[in-house]
Number of protein chains: 2
Amino acid sequence: MANRDYENWMNILREKGYRITPPLSAVARIMSECIRVMDAREIFLQARHDLPDIGLMTIYRALEKLEDARLVQRVHQPKGCQSFAPAPAGHQHLLLCENCGRHEYFSGDDLDAWFNGIGKDKGFYISDHWLQLFGQCNTCKRHINHE
Amino acid sequence: MANRDYENWMNILREKGYRITPPLSAVARIMSECIRVMDAREIFLQARHDLPDIGLMTIYRALEKLEDARLVQRVHQPKGCQSFAPAPAGHQHLLLCENCGRHEYFSGDDLDAWFNGIGKDKGFYISDHWLQLFGQCNTCKRHINHE
DNA sequence: TTGATTGCAAATATTTTGCAGGCAT
DNA sequence: ATGCCTGCAAAATATTTGCAATCAA
């Protein structure tokens with residue numbers, strides 16, 4: 001089964017004018033397939049399987065490009081904010097396993113009216129919002145219960 | 001007008017068993033009065049007005065204590081995650097001015113039923129959520145429009 | 001008195017920057 | 001051929017840790 005996401009990502013990167021190099025391709029492939037959020041070091045270690053000479057800096061620069069193309073996004077968690085996940089199609093919200101980092105997206109009820117009302121109360125113009133759920137995925141729930 | 005928050009904070013810190021020292025008091029006062037989110041360096045610079053010899057490390061350690069006592073909380077923003085704000089009473093959500101860092105809290109509709117439904121769909125047990133609004137406060141709106 | 005707390009310095013961790021050579025276009 | 005991209009090393013940033021002296025309780 002071909003990875004359609006990856007192929008689509010490469011087209012978007014090409015359209016953005018980025019050169020398609022082995023390091024960028026490797027990071028794009030890893031992130032387009034990633035189930036758990038990953039930080040630069042983890043991506044680095046995985047990319048080295050294919051490209052033994054790749055440097056950590058290159059991972060950071062590839063992530064910059066992928067972020068610019070809105071293909072990946074930084075993920076904020078109580079423990080830290082250096083992880084990344086593939087970005088969702090359109091505006092969606094993140095659901096994260098606080099144990100293993102598995103991520104899912106869900107799209108919301110329309111909360112904008114409520115948000116705008118709060119903005120009005122407080123004298124703010126609301127331009128964006130973050131909504132994120134934390135919990136335990138099926139697998140981790142099971143493991144934690146058996147401990 | 002006395003700062004009731006500050007006095008209350010000091011009692012909580014005392015109950016927690018922390019020693020009430022000038023550096024801890026200074027940071028507690030600054031944070032209990034803070035309107036805009038502040039990072040360790042900003043708190044440091046302000047604390048030095050009262051305590052010229054205070055060190056940056058002491059700010060970090062005071063923030064740890066204040067976080068432990070749930071009096072302040074770390075604030076996450078797209079630009080970075082090293083700022084702190086006084087923590088709200090109970091579970092409330094943050095509204096932030098993305099220009100000046102002014103912060104307000106609001107308390108929500110009950111979204112738990114919705115969140116739990118999403119968890120069920122995805123096979124997650126939901127343990128926590130983050131909801132945060134970003135925008136421009138009254139003052140910054142005005143300034144930005146006049147630019 | 002005594003042990004938590006402080007300030008300093010050094011260590012860590014993460015990310016950014018400068019640069020010469022390499023490679024995608 | 002051009003200049004974007006890479007890998008390396010060094011710098012910058014943010015935070016933590018070890019330690020002797022200090023001071024709140």
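In what follows, every heavy atom counts, from backbone to side chain, and hydrogens, waters and symmetry copies are set aside.
Computed from coordinates, the A:Leu63 CG to D:dT6 C1' distance equals 15 Å when rounded to whole Å. In this entry the distance linking CD1 of B:Ile59 with P of D:dT16 reads 14 Å, nearest Å. For the pair A:Leu66 CG and D:dC5 C1', the computed distance is 14 Å after rounding to whole Å. One atom, OH of A:Tyr18, and another, P of C:dT25, lie 14 Å apart when rounded to the nearest Å. Nucleotide D:dC8 holds its P atom 11 Å from the CG atom of A:Leu56, rounded to whole Å. For the pair B:Met57 CE and D:dC19 C1', the interatomic distance rounds to 14 Å; values are reported in whole Å. Atom CD of B:Glu42 is separated from atom P of D:dT13 by 15 Å (rounded to the nearest Å). The CZ-C1' distance, from B:Arg14 to C:dA4, rounds to 16 Å in whole Å.
Nearest to the side chain of A:Tyr60, among D:dA14, C:dT15, D:dG7, sits C:dT15. Nearest nucleotide to the side chain of B:Pro22, out of D:dG7, C:dT15, D:dA24: D:dA24. Nearest nucleotide to the side chain of A:Ile20, out of C:dT25, C:dT5, C:dT15: C:dT25.
Taking 4.0 angstrom as the limit, A:Lys16 places none of its side-chain polar atoms (N or O) nearer than this to OP1 or OP2 of D:dC4. Look at B:Arg74 and you'll find a side-chain N or O under 4.0 angstrom from OP1 or OP2 of D:dT15. Put simply, B:Thr21 has a side-chain N or O that comes within less than 4.0 Å of OP1 or OP2 on C:dT6.
Heavy-atom nearest nucleotides on DNA chain D were determined for A:Arg61 and for B:Cys81, and the one closer to the 5' end corresponds to A:Arg61. Toward the 5′ end of DNA chain D lies the nearest nucleotide of A:Leu51, the other residue of the pair B:Glu64 and A:Leu51 mapping further downstream.
Within 4.0 Å of A:Asp53, counting heavy atoms only, lie sugar-phosphate atoms of the nucleic acid but no base atom.
For A:Arg41, the CZ atom counts as loosely surrounded, since its 6.0 Å shell holds 12 or fewer non-hydrogen atoms of other residues, nucleotides or ligands. Crowding of A:Tyr125 atom OH: a count of heavy atoms from other residues, nucleotides or ligands under 6.0 Å not exceeding 12. Surrounding CZ of A:Arg14 are more than 12 heavy atoms belonging to other residues, nucleotides or ligands, all under 6.0 Å away.
In this model, no side-chain donor or acceptor of A:Arg19 finds a partner on the base of D:dC5 within 3.5 Å.
Taking all atoms of both residues into account, the shortest heavy-atom contact from B:Phe124 to A:Gly135 is CD2-C, 4.4 Å.
We find the CZ-CD distance between A:Arg142 and A:Gln136 to be 13.0 Å, quoted to the nearest 0.5 Å.
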